[in-house]
> 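Handing you this structure, nothing more for now.
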Amino acid sequence: MSESRIALARSARVATVDRRLFGGFVEHLGRCVYDGIYEPGHPTANEDGFRLDVVELVRELGITTVRYPGGNFVSGFRWEDSVGPRDKRPVRRDLAWHSLESNQVGLDEFARWLKLTGSELMLAVNLGTRGIQAALDLLEYANHPSGTALSDQRIANGTPEPHDIRMWCLGNEMDGPWQTGYMTADDYGKLAARTAAAMKTADKDLQLVVCGSSGSGMPTFGEWERIVLEHSYEHVDFISAHAYYQERGGDLGSFLASSVDMQYFIDTVVSTADHVGNRLKSRKRIQVSFDEWNIWYLDEHKESGEVGDEWRYAPRLLEDVYSVADAVVLGNLLITLLKNHDRVTSASLAQLVNVIAPIMTEPGGDAWRQTTFFPFSVTSRLAAGEVLRPTITTGVYETAVYGEADLVDAVATFDEADGTAALFVVNRSTTEPQTVRVDVRDLGVERVREALSLWDDDVYAKNTIDDQTRVRLRPTPQATLADGELTLRLPPVSWTAVSLA
């Protein structure tokens, strides 16, 4: 058994935990909305048609902010179609996912769903096929109290109070050739700057997210960020980052080190943003909104031909079923987001229900937790106070994709107000358990409140409709605290969370 050491110190502070880091993403894609969060005929549905069994799982997951309504979908979306009497809403073709959109769920209904889940709305505007005026109209409809044409229309539609949406995305993945209306960095940067300036003229306190790269493998990565920010820096608050990971060719070792790429992505975006800010002699600092991240078996979906020529309502698209290994990687990606929380202050797990999601549903039937549900829900529940960057001494292993990678990765939080701490740690070894000794003397904690791990002898075990609880959290094999040292025994390919008091 290998041994690693971790030291935690109050002085190694990264940032105060911002709850927006535990955001999600709901797009009008496949069965995420229809047959996912919304199914009027379901036994648990409320008067709006929302499944309350799904609401309960979303609350348990700990989602705090939800990005909506896209995603690629937003670049062809006319927001006016989705408000007003449902029987008068038009059916439209969605070019992004080659589907039919009924518009039965729109802004006002979705805002009511968010109140059920206790989440904040993060709204995206269409800069693919529309522009400044449509964004301003949506802002007036959503946020103005009353006394204007569009705010009074919202009131007439049954929503007397403004939605007061604070965080807005200026389009989606505008660097991607798959995006309806995609642009060069120069064209998008100019449009985003003009749109942002106009929106902040209407409300100077909005927080605006400009589109960054759709992935670190994009040919324009880095240069895209530089050009876009040179146009928009003084008008926006965040730049987005999107990243998806999957195991390829049976290379589990490289897959388990996926967070190495996420770290590279964050470092590149931050250094580019700061370079632009310094050139402009700006006093502000652009933050990163990592508003799409997850495990996504995109290669397999591209090969499947599941998007055909037929226009359908809510087709089954991108419904990945996740393994233990997938969940361990997801937990490690969360560790990386926390490690960089001084600059990554908003993030959205993409997506929330059915579509590459931690929650699955069956029409008329059950809703259940995927393996990836567990590390997200526990991290969201336990992370509080200040993020602490640990000092880690561990072995390394060789990966085909990322070179050398650490066997153990970790991050911690410490809440001085109530004297509690939490440690999140992964063992990336595919064969060996790890003994991890953690020096917690500086935190003044005295006992283990909770120690939970996710692992299985079969790293590809999954929760399915026929076996919904095959994989679940288990007590950590060893988690003992004595004389200021926490000792853990971590199985191979495992994610662990420990709460200390």
Side-chain angles (χ1 to χ4, degrees), residues 14-27 61-68 70-72 74 119-124 166-176 207-218 221-222 224-225 228-229 236-246 258-274 285-296 298 329-352 356-358 372 375-376 379-380 383 387 389 409 411 424:
V14 176
T16 302
V17 175
D18 187 328
R19 297 299 301 162
R20 277 182 174 168
L21 195 70
F22 303 106
F25 180 28
V26 167
E27 181 174 0
L61 187 61
I63 290 292
T64 56
T65 305
V66 181
R67 182 168 174 254
Y68 176 86
N72 297 345
V74 79
S119 304
E120 174 192 4
L121 177 57
M122 176 181 176
L123 196 62
R166 294 293 93 202
M167 199 166 183
W168 296 72
C169 301
L170 302 171
N172 174 76
E173 293 186 352
M174 298 306 297
D175 63 329
Q207 294 175 294
L208 302 182
V209 185
V210 72
C211 288
S213 294
S214 305
S216 63
M218 295 296 290
F221 177 54
W224 172 275
E225 280 78 1
V228 167
L229 286 174
V236 302
D237 307 280
F238 294 83
I239 187 164
S240 71
H242 293 178
Y244 295 99
Y245 301 96
Q246 69 170 95
S258 293
S259 66
V260 173
D261 177 78
M262 179 180 267
Q263 184 64 57
Y264 160 72
F265 198 153
I266 294 168
D267 288 343
T268 304
V269 172
V270 166
S271 62
T272 304
D274 288 350
R285 190 168 70 164
I286 297 292
Q287 299 295 95
V288 178
S289 175
F290 222 117
D291 47 43
E292 285 190 35
W293 69 275
N294 203 348
I295 314 303
W296 181 7
L298 179 59
V329 172
L330 185 139
N332 198 172
L333 295 173
L334 262 176
I335 287 171
T336 302
L337 293 174
L338 281 164
K339 279 185 174 181
N340 293 277
H341 196 26
D342 56 330
R343 298 306 294 269
V344 182
T345 51
S346 174
S348 303
L349 178 68
Q351 293 195 11
L352 202 50
I356 55 171
T372 53
F376 191 100
T379 305
S380 178
V387 179
R389 188 183 300 276
D409 195 15
V411 75
F424 309 98

> Please examine the side chains of Trp293 and Leu330, heavy atoms only from C-beta on, and report whether any two atoms are closer than 4.5 Å.
yes

> Ignoring hydrogens and angles, tell me if any N or O in the side chain of Tyr245 forms a donor-acceptor pair with the backbone of Met262 under 3.5 Å.
yes

> Which value, rounded to the nearest 0.5 Å, describes the distance between Phe424 atom CZ and Thr379 atom OG1?
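Here the interatomic distance stands at 4.5 Å.
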
> On a heavy-atom basis, which atom in Cys211 and which in Trp224 lie closest, and how many Å separate them?
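Closest approach of Cys211 to Trp224: O-NE1, 3.0 Å.
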
> I need the minimum non-hydrogen distance between Gly212 and Ser240, along with the two atoms involved.
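Result for this residue pair: N-OG, 2.9 Å.
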
> Work out which heavy atom in Tyr264 is nearest to a heavy atom in Ser216; give both atom names and the distance.
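Here Tyr264 and Ser216 meet closest at CE2-CB, 4.0 Å.
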
> Report yes if some heavy atom in the side chain of Leu349 is under 4.5 Å from a heavy atom in the side chain of Phe22; otherwise report no.
no

> Go through it in stages, so that I can follow the logic: the residues are Ser259 and Ile335, the test is side-chain contact (heavy atoms from CB on, under 4.5 Å), and I'd like the CA-CA distance, side-chain angles, deciding distance and then a yes or no.
CA-CA 9 Å; Ser259 66; Ile335 287 171; over 6 Å; no

> When you measure from the side chain of Asn294 to the backbone N and O of Ala350, does any donor-acceptor pair fall under 3.5 Å?
yes

> Which heavy atom of Leu337 sits nearest to which heavy atom of Val344, and what is that distance?
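Between these two residues, the closest heavy atoms are CD2-CG1, 3.9 Å.
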
> Please find the pair of heavy atoms, one from Leu61 and one from Phe376, that lie closest to each other, and give the distance.
O-CD2, 3.4 Å

> Nearest 0.5 Å please: distance from the CD atom of Gln207 over to the OG atom of Ser346.
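Gln207 atom CD to Ser346 atom OG measures 8.5 Å (nearest 0.5 Å).
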
> Compare every heavy atom of Pro375 with every heavy atom of Leu334, then report the nearest pair and how far apart it is.
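In terms of heavy atoms, the two residues are closest at CD1-O, 3.9 Å.
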
> Would you sort out whether Arg67 and Val209 count as a side-chain contact (heavy atoms from CB on, under 4.5 Å), showing the intermediate values?
CA-CA 11 Å; Arg67 182 168 174 254; Val209 185; over 6 Å; no

> In Å and rounded to the nearest 0.5 Å, what is the CD1 to CG distance from Ile239 to Asp291?
10.5 Å

> Quick one: does Asn172's side chain have a donor or acceptor within less than 3.5 Å of a partner on Ala124's backbone?
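Not at all, since once roles are kept as given, no pair shorter than 3.5 Å links the two residues.
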
> Working to the nearest 0.5 Å, report the span between CG of Leu333 and OG of Ser258.
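These two atoms lie 6.5 Å from each other.
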
> Tell me, do Arg19 and Ser380 make a side-chain contact under 4.5 Å, heavy atoms counted?
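A side-chain contact exists here, since the closest heavy-atom pair is under 4.5 Å.
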
> Any side-chain heavy-atom pair from His341 and Val411 closer than 4.5 angstrom?
no

> Could you check whether any side-chain heavy atom of Val17 comes within less than 4.5 Å of a side-chain heavy atom of Val387, counting everything from C-beta outward?
yes

> Determine the sole option in Thr268, Asn340, Thr336 for which the side chain to side chain donor-acceptor pair (under 3.5 Å) test with Gln263 is passed.
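With Gln263 as partner, side chain to side chain donor-acceptor pair (under 3.5 Å) holds for just one option, Asn340.
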
> Drop me the distance from Leu229's CG to Thr272's OG1, to the nearest 0.5 angstrom.
8.5 Å

> For a side chain to side chain donor-acceptor pair (under 3.5 Å) check, start with the C-alpha distance between Asp237 and Gln287, then their side-chain angles and the critical distance, and finish with the verdict.
CA-CA 6 Å; Asp237 307 280; Gln287 299 295 95; over 6 Å; no

> Walk me through whether Asn72 and Glu27 qualify under side-chain contact (heavy atoms from CB on, under 4.5 Å).
CA-CA 8 Å; Asn72 297 345; Glu27 181 174 0; 4.0 Å; yes

> Which is it for Arg20 and Thr345 under the side-chain contact (heavy atoms from CB on, under 4.5 Å) test, yes or no, and what are the steps along the way?
CA-CA 7 Å; Arg20 277 182 174 168; Thr345 51; over 6 Å; no

> What distance separates Ser348 OG from Phe290 CZ, expressed to the nearest 0.5 Å?
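These two atoms lie 11.0 Å from each other.
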
> Look at Arg166 together with Glu120 and state whether they make a salt bridge at an N to O cut-off of under 4.0 Å.
no

